[in-house]
Amino acid sequence: MSRPPSPKFTYQHLFEPATDLPAVGSAKAGPAAPLLLLHGTGGNEHDLLRLGRAISPGAALLSPRGDVSEGGALRFFARLADGVFDPEEIIRRTHALADFIVAATAHHQLDARRLIAVGFSNGANIAATLMLLRPEILGGAVLLRAMVVLDQAAAPGSLTGKRVLLLNGNVDPIIPLDHPPRLAALLRTGGAEVTAQSLAASHGLTPQDVAHAQAWLAKR
Ligand code: MLT
């Protein structure tokens with residue numbers, strides 16, 4: 001099959017093709033859903049590859065690098081201060097990333113309707129705003145340590161049939177305790193099926209995050 005010509009990608013990114021493709025004539029279900037990996041502040045496109053491989057072995061992985069530098073620490077949108085955000089900046093960056101995702105999924109021939117964003121911290125926050133503002137480009141999301149950065153509910157019905165796993169830590173000094181339920185409500189307004197879990201954890205990821213994400217993905 002011929003591949004669409006390479007577009008001029010706006011984000012530096014890594015792509016790992018799926019390795020679990022069923023053999024021709026095999027009874028095995030289709031390949032695992034492709035994952036969109038979105039790193040946290042100060043990370044890069046390599047950060048979540050191991051996590052992606054662990055939670056969904058053999059899945060295709062698309063991993064862009066945040067294009068905003070905060071004193072050299074890469075992110076997906078700028079902030080005014082810790083926990084203080086400019087809605088216009090978030091909306092603009094969310095649409096820019098969404099446009100990249102549309103181009104990259106077409107180029108790499110990924111099943112865009114099944115694409116699951118897996119984001120950590122700042123990456124989880126932009127994964128959430130992608131779900132809220134551009135619901136058509138993702139099949140669902142795993143949000144690891146997300147907070148409310150844009151207080152805007154999803155359009156009713158826009159997230160029907162989409163699933164979100166929201167994993168937060170109960171002693172996370174960065175995420176206010178009321179944010180995970182508020183974010184879940186913003187997503188549920190659009191019709192998303194949200195599973196929210198508070199883990200015995202801080203802001204960093206734990207083996208429990210991996211186990212929960214793995215089990216949630218396997219249920220699809
Ligand atoms: C972070 O990345 O430090 C926090 O999750 C919040 C943010 O997106 O700025």
Side-chain angles (χ1 to χ4, degrees), residues 10-13 35-52 55 63-98 100-101 116-134 137-138 140-154 164-187 192 194-206 208-210 212-213:
T10 43
Y11 286 75
Q12 178 92 16
H13 68 283
L35 303 183
L36 169 72
L37 305 175
L38 299 167
H39 64 80
T41 301
N44 63 36
E45 68 277 28
H46 296 273
D47 278 20
L48 298 186
L49 292 176
R50 265 181 51 194
L51 175 72
I55 61 178
S63 187
R65 178 195 294 181
D67 59 347
V68 172
S69 168
E70 186 183 79
L74 295 176
R75 297 171 47 85
F76 288 96
F77 53 82
R79 59 184 162 183
L80 302 172
D82 282 358
V84 186
F85 305 100
D86 169 9
E88 274 182 26
E89 159 73 2
I90 291 181
I91 291 168
R92 192 166 59 85
R93 298 284 179 187
T94 300
H95 284 293
L97 183 60
F100 160 78
I101 294 164
I116 304 292
V118 178
F120 168 63
S121 193
N122 179 249
N125 295 339
I126 198 152
T129 59
L130 284 168
M131 294 291 287
L132 296 174
L133 300 178
R134 294 286 291 269
I137 66 154
L138 292 173
V142 176
L143 307 178
L144 305 163
R145 311 297 184 272
M147 65 194 291
V148 176
V149 295
L150 184 70
D151 201 356
Q152 185 175 316
V164 178
L165 176 63
L166 190 53
L167 295 178
N168 283 88
N170 62 358
V171 288
D172 185 335
I174 295 176
I175 313 283
L177 277 178
D178 64 322
H179 276 228
R182 280 177 53 205
L183 180 57
L186 297 176
L187 293 161
V194 181
T195 304
Q197 203 121 21
S198 173
L199 306 178
S202 182
H203 199 65
L205 297 182
T206 69
Q208 287 185 79
D209 290 279
V210 179
H212 280 285

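Heads up: numbering here begins at 1 and tracks the sequence. Read the numbers this way: they start at 1 and go in the same order the structure lists the ligands and their atoms.
The residues lining ligand 1, counting any heavy atom closer than 4.0 Å, are Thr41, Arg75, Phe77, Arg79, Phe85, Ser121, Asn122, Asn125, Met147.
Screening Asn125, Ile126, Asp86 against Val149 for a side chain to side chain contact (heavy atoms under 4.5 Å, CB included) leaves a single residue, Asn125.
Note that NE2 of His13 and CG of Asp67 are 13.5 Å apart. Values are rounded to the nearest 0.5 Å. Separation of atoms CG (Asn168) and CE (Met147) is listed at 10.0 Å; rounding is to 0.5 Å. Here the CG-CZ distance, from Leu97 to Arg134, works out to 9.5 Å after rounding to the nearest 0.5 Å.
Ring orientation note: the planes of Tyr11 and Phe100 are tilted relative to one another, at an angle of 30° to 60°.
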Check residues 35-44 and write down every donor-acceptor pair under 3.5 Å in which the side-chain atom is one partner and the other belongs to a residue at least two apart or another chain.
unit_1 : atom_1 : unit_2 : atom_2 : d
His39  : NE2    : Gly66  : N      : 2.8
Thr41  : OG1    : Arg75  : NH1    : 2.8
Asn44  : OD1    : His46  : N      : 2.8

